[in-house]
Amino acid sequence: MEAGGAVPGDLERTFSQRYGSPPTHLARAPGRVNLIGEHIDFAGLPVFPMALQREVRIAFRPRDDGLVVAATTDPSYAPCHFEVGHQIEPYDGEDWGNYLKAAVQGMVFAYDLERGFDAVIDSTVPVAAGLSSSSALVIATALALAGSNELQPDPIELAELMAAAEQYVGTRGGGMDQAISAGAREGHAARVEFDPLRITPVPVPEDWRFVVAHTLVQAHKSGGAREGYNRRRGETEEARALMAGHLSLPASEVASYRDLLERVSGREALAGGEACLHGDLLKRFRHVVTEHERVTRAEVAMRSGSLAGFGMLMNGSHASLTEDYEVSIPELDELVGIARDAGAVGARLTGAGMGGCIVALCAIDDVDEVLQAIQDRFYVARDRIDDLDDHLFVAEPAPGASVEKM
Ligand code: GLA
């Protein structure tokens, strides 16, 4: 996980001003856009994300003691410091420093590290936008701690550890975000499978463009969206347990949807669901089973260059997330509609939903039109044109996290 690239000038300057001498290392970890496979990673089913060129960067210098001292280039986040340890007390409320603590505690648990570091952090990943700014921060922090202790963790091991570690903030997330941030390959999306974690890169066709657009509605993983996320996950798990009973299988043999779908086909599962589930539980179940099918077909579509096929599956995913998983909001639906009207072959909410971003797929020749339409009909209409680059951009498939010694 070594990579080239100097510490950006402003980050280096801020570090030197703050700590009196320059940083010795740079850790970086990308955000991600999930192309398809939403709210099924925690069910043990494969997902299909891509790392973004937007990333968290940490300029750091190992310390001689066990303190982690961190500040950011954004003055709205207060600096923090804490001791490296096995049981780190969380900050109260929704403090950003809890993501640092999550990473450090997780790394210490696995590797028994003792040395802390001084750090300055900056990020180009929009916060609470469903683009995994928090997992990028967790992965970059873990690499800073590893680098400070002369450890080079394997990306898969790092991703698995940090998926568990991030539960420290209280969201019962799956492992997608940490996996793609740690293990992406440039120019590629990836099929990510779980238990054990596997990442299979899939080249993104050169004439495909994925456009990302933010609703301007934030969905904080450590805030209100956490409750909505955890509740749906609970319902999804309850539906699986009821299905196991319906099929007269011991719950221990159907510990995940993957177990279930290894025993019965998607079609049989759906028929069983219709027979034994009702209301929200039936809807959550139907989303998981149909989304799994869409992920499998989407990978085939990308490998065979079927733009229209991939787009159609994205549209199906959005419908299912809206009607069955119920995590869309009017702004997400509006952006999806604008993108499709302007020539995108498919568009869907990405990430956990309840705010955040959409991702739209179009041919390279149509990308300017799609960007223009979203700009005019969504951002100009809301008078939010000044910071447009933060909200509307073309995703470039980026490499996974790295740490470099200066
Ligand atoms: C969040 C979680 C992920 C995943 C998505 C929804 O990003 O961290 O593990 O569940 O939501 O697909």
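Counting starts at 1 for both ligands and their atoms, in listed order. The structure presented is a predicted model; accordingly, all values stated were derived computationally and were not measured.
Residues R382 and E334 are paired through a salt bridge, judged by an N-O separation under 4.0 Å between the basic side chain and the carboxylate. Here R57 pairs with E55 in a salt bridge; the nearest charged N to carboxylate O distance falls below 4.0 Å.
Within the listing of ligand 1, atoms 11 (O) sit less than 4.0 angstrom from a heavy atom of A352. Listed by atom number, the atoms of ligand 1 under 4.0 Å from D41 heavy atoms are 3 (C), 4 (C), 9 (O), 10 (O). Near E38, meaning under 4.0 Å from any of its heavy atoms, are these atoms of ligand 1: 6 (C), 12 (O). Contact atoms of ligand 1 toward M176: 4 (C), 5 (C), 12 (O) (distance under 4.0 Å to a heavy atom of the residue). Near G174, meaning under 4.0 Å from one of its heavy atoms, ligand 1 places the atoms 9 (O).
No side-chain donor-acceptor contact under 3.5 Å links E38 and S317.
Of the residues R232, R284, R286, the one that meets the salt bridge (Lys or Arg N to Asp or Glu O under 4.0 Å) test with E326 is R284.
Between Y257 and F285, a ring centre-to-centre spacing shorter than 6.0 Å is recorded.
Counting heavy atoms under 4.0 Å from ligand 1, residue R32 touches it through the side chain alone.
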